[in-house]
Amino acid sequence: MSSTATLGYAIAKKAISERFDPEKRSIYTLAIQIGITDMQLCVVNRQTGRCLSIEDFRFENVRTINNRLEVVKQIFERHPHLARQDWGTVKLSVKTHKYALVPASVFLSEHTSDYLSLNAEVNTRIEETHYYRHISCNAIHLFAADKKLVETVRAYFPKKHIELVSQACALIEGTLQYDDHSVEKSMFCLVDKGILHVLVSQNQKLIFYNQFAVRKPEDYLKYIMLVMQETKLNPKNSNVVMWGGLNADSGVINTLKKYIRNISLGTKPKFLRFEGELDRLPDHKYFDAYSIFLCE
């Protein structure tokens with residue numbers, strides 16, 4: 001591929017409800033999720049809890065951080081609704097592998113960078129540390145975000161307070177409200193472009209969260225079994241729920257089924273309502289994007 005290839009993006013998925021009304025943006029929440037190579041938009045009517053749209057963009061020919069910013073700007077400037085100022089609330093979620101969870105009881109906001117530096121190397125020249133308070137599990141989630149990316153998005157909404165979270169923050173909130181919980185300890189996984197997110201919870205309490213880089217199919221089994229061993233889950237009877245970039249007949253699922261009896265693809269969250277084209281989207285896709293709505 002030529003180094004002069006044109007920067008841009010492709011629309012991987014676009015589903016918009018007939019109920020979406022541009023005149024009612026003031027009662028809508030706009031959730032934006034941005035990764036290294038992709039970006040999702042999700043709109044929810046806060047009054048009814050209806051999901052009104054999901055849009056999935058894949059970046060093309062992006063090689064640098066500045067390339068990514070250019071493509072994000074393209075999407076904002078070409079989209080008919082994205083940069084409007086009359087959204088009720090706007091939330092930005094960033095995908096990052098630089099994170100730490102700290103008990104709320106020992107957290108001091110003036111030491112956010114110190115906590116995160118114990119778990120990840122933060123480049124303070126281009127990154128800044130943020131935190132999100134998980135009320136449900138009494139923990140503080142620290143994460144690094146690219147300064148220019150956050151500034152770019154905020155510049156499109158000069159009069160709005162932008163709620164900033166990470167993909168993991170949203171995933172934890174969504175999982176803890178996922179109503180397939182039972183009194184049994186369960187595992188929940190999200191597969192997203194070479195990253196495996198693994199959560200373990202019981203009675204809507206977080207027991208474990210981590211993410212792993214997976215390079216080959218057998219890595220999924222290795223990391224899931226390691227977490228099962230650490231959290232004392234039994235492959236013969238513990239439930240494992242999978243969301244994200246895989247299908248029921250994928251090689252990964254078929255391999256996992258050989259060792260884990262109760263494994264299944266996750267469903268759409270019950271904390272949102274889906275209709276029409278949105279209801280027909282695969283149930284196990286976009287759980288992280290939907291869950292941004294929960295982050296306050």
side-chain contact (heavy atoms from CB on, under 4.5 Å) for F57 and H79? Distances and angles first, verdict last. CA-CA 12 Å; F57 303 90; H79 197 281; 4.2 Å; yes
Check: [Y] and [X] side chains under 4.5 Å, non-hydrogen atoms:
{"X": "K185", "Y": "F208", "value": "no"}
{"X": "R78", "Y": "Y9", "value": "yes"}
{"X": "T89", "Y": "E163", "value": "no"}
{"X": "E218", "Y": "L221", "value": "no"}
{"X": "V90", "Y": "Y156", "value": "no"}
{"X": "Q85", "Y": "P158", "value": "yes"}
{"X": "E277", "Y": "I16", "value": "no"}
{"X": "V94", "Y": "L149", "value": "yes"}

Distance from [X] atom [atom1] to [Y] atom [atom2], nearest 0.5 Å?
{"X": "L171", "Y": "K95", "atom1": "CG", "atom2": "NZ", "result": "11.0 Å"}
{"X": "I260", "Y": "S238", "atom1": "CD1", "atom2": "OG", "result": "9.0 Å"}
{"X": "L41", "Y": "L30", "atom1": "CG", "atom2": "CG", "result": "6.5 Å"}
{"X": "E275", "Y": "E18", "atom1": "CD", "atom2": "CD", "result": "9.5 Å"}
{"X": "Q204", "Y": "C137", "atom1": "CD", "atom2": "SG", "result": "11.5 Å"}
{"X": "E55", "Y": "I32", "atom1": "CD", "atom2": "CD1", "result": "11.0 Å"}

Verify, without hydrogens or angle tests, whether [X] (side chain) and [Y] (backbone) share a donor-acceptor contact under 3.5 angstrom.
{"X": "W87", "Y": "L82", "answer": "yes"}
{"X": "N234", "Y": "K236", "answer": "yes"}
{"X": "N138", "Y": "A104", "answer": "no"}
{"X": "S117", "Y": "D114", "answer": "yes"}

Centre-to-centre under 6.0 Å for [X] and [Y], is that the case here?
{"X": "H134", "Y": "Y132", "result": "yes"}
{"X": "Y99", "Y": "Y209", "result": "yes"}
{"X": "Y286", "Y": "F274", "result": "no"}
{"X": "F287", "Y": "Y178", "result": "yes"}
{"X": "Y28", "Y": "F20", "result": "yes"}

Could you go step by step and tell me if V240 and L256 meet the side-chain contact (heavy atoms from CB on, under 4.5 Å) rule? CA-CA 10 Å; V240 177; L256 291 173; over 6 Å; no
Determine the minimum heavy-atom distance between [X] and [Y], stating which atoms define it.
{"X": "H81", "Y": "P22", "value": "CE1-CG, 3.7 Å"}
{"X": "L294", "Y": "G174", "value": "CD1-CA, 3.7 Å"}
{"X": "K268", "Y": "D279", "value": "NZ-O, 3.1 Å"}
{"X": "R273", "Y": "T48", "value": "CD-O, 3.4 Å"}
{"X": "S26", "Y": "R46", "value": "O-NH2, 3.3 Å"}
{"X": "L278", "Y": "C51", "value": "CD1-O, 3.2 Å"}

Heavy-atom count around [X] [atom1] within 6.0 Å, excluding the residue itself: above 12?
{"X": "K13", "atom1": "NZ", "result": "no"}
{"X": "E110", "atom1": "CD", "result": "yes"}
{"X": "E77", "atom1": "CD", "result": "yes"}
{"X": "K148", "atom1": "NZ", "result": "no"}

I'd like to know if [Y] and [X] are part of one continuous hydrophobic network [Ile/Leu/Val/Met/Phe/Trp/Tyr, side-chain heavy atoms within less than 4.5 Å].
{"X": "V241", "Y": "I253", "value": "no"}
{"X": "L164", "Y": "I36", "value": "no"}
{"X": "Y220", "Y": "L246", "value": "yes"}
{"X": "L272", "Y": "I54", "value": "yes"}
{"X": "I65", "Y": "V62", "value": "no"}

For R50 and S17: C-alpha separation, side-chain torsions, deciding distance, then whether side-chain contact (heavy atoms from CB on, under 4.5 Å) applies. CA-CA 9 Å; R50 281 192 178 90; S17 169; 5.9 Å; no
I292 pairs by side-chain contact (heavy atoms from CB on, under 4.5 Å) with which of C169, C42, S93? S93
Salt bridge E296-K91, side-chain N to carboxylate O under 4.0 Å: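 Yes, E296 and K91 are salt-bridged.
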Check against side-chain hydrogen bond (donor to acceptor under 3.5 Å, both in side chains), E184 and N237: CA-CA 10 Å; E184 300 298 326; N237 52 38; over 6 Å; no
Applying ring pair (Phe, Tyr, Trp, His ring centres under 6.0 Å), run through F107 and Y131 and close with a yes or a no. CA-CA 10 Å; F107 176 72; Y131 68 89; 4.8 Å; yes
Test log, rule side-chain hydrogen bond (donor to acceptor under 3.5 Å, both in side chains), inputs Q40 and Y290: CA-CA 10 Å; Q40 291 80 42; Y290 298 141; over 6 Å; no
One pair to check against side-chain contact (heavy atoms from CB on, under 4.5 Å): H197 and Q167. What are the steps and the verdict? CA-CA 10 Å; H197 299 254; Q167 180 188 28; 3.4 Å; yes
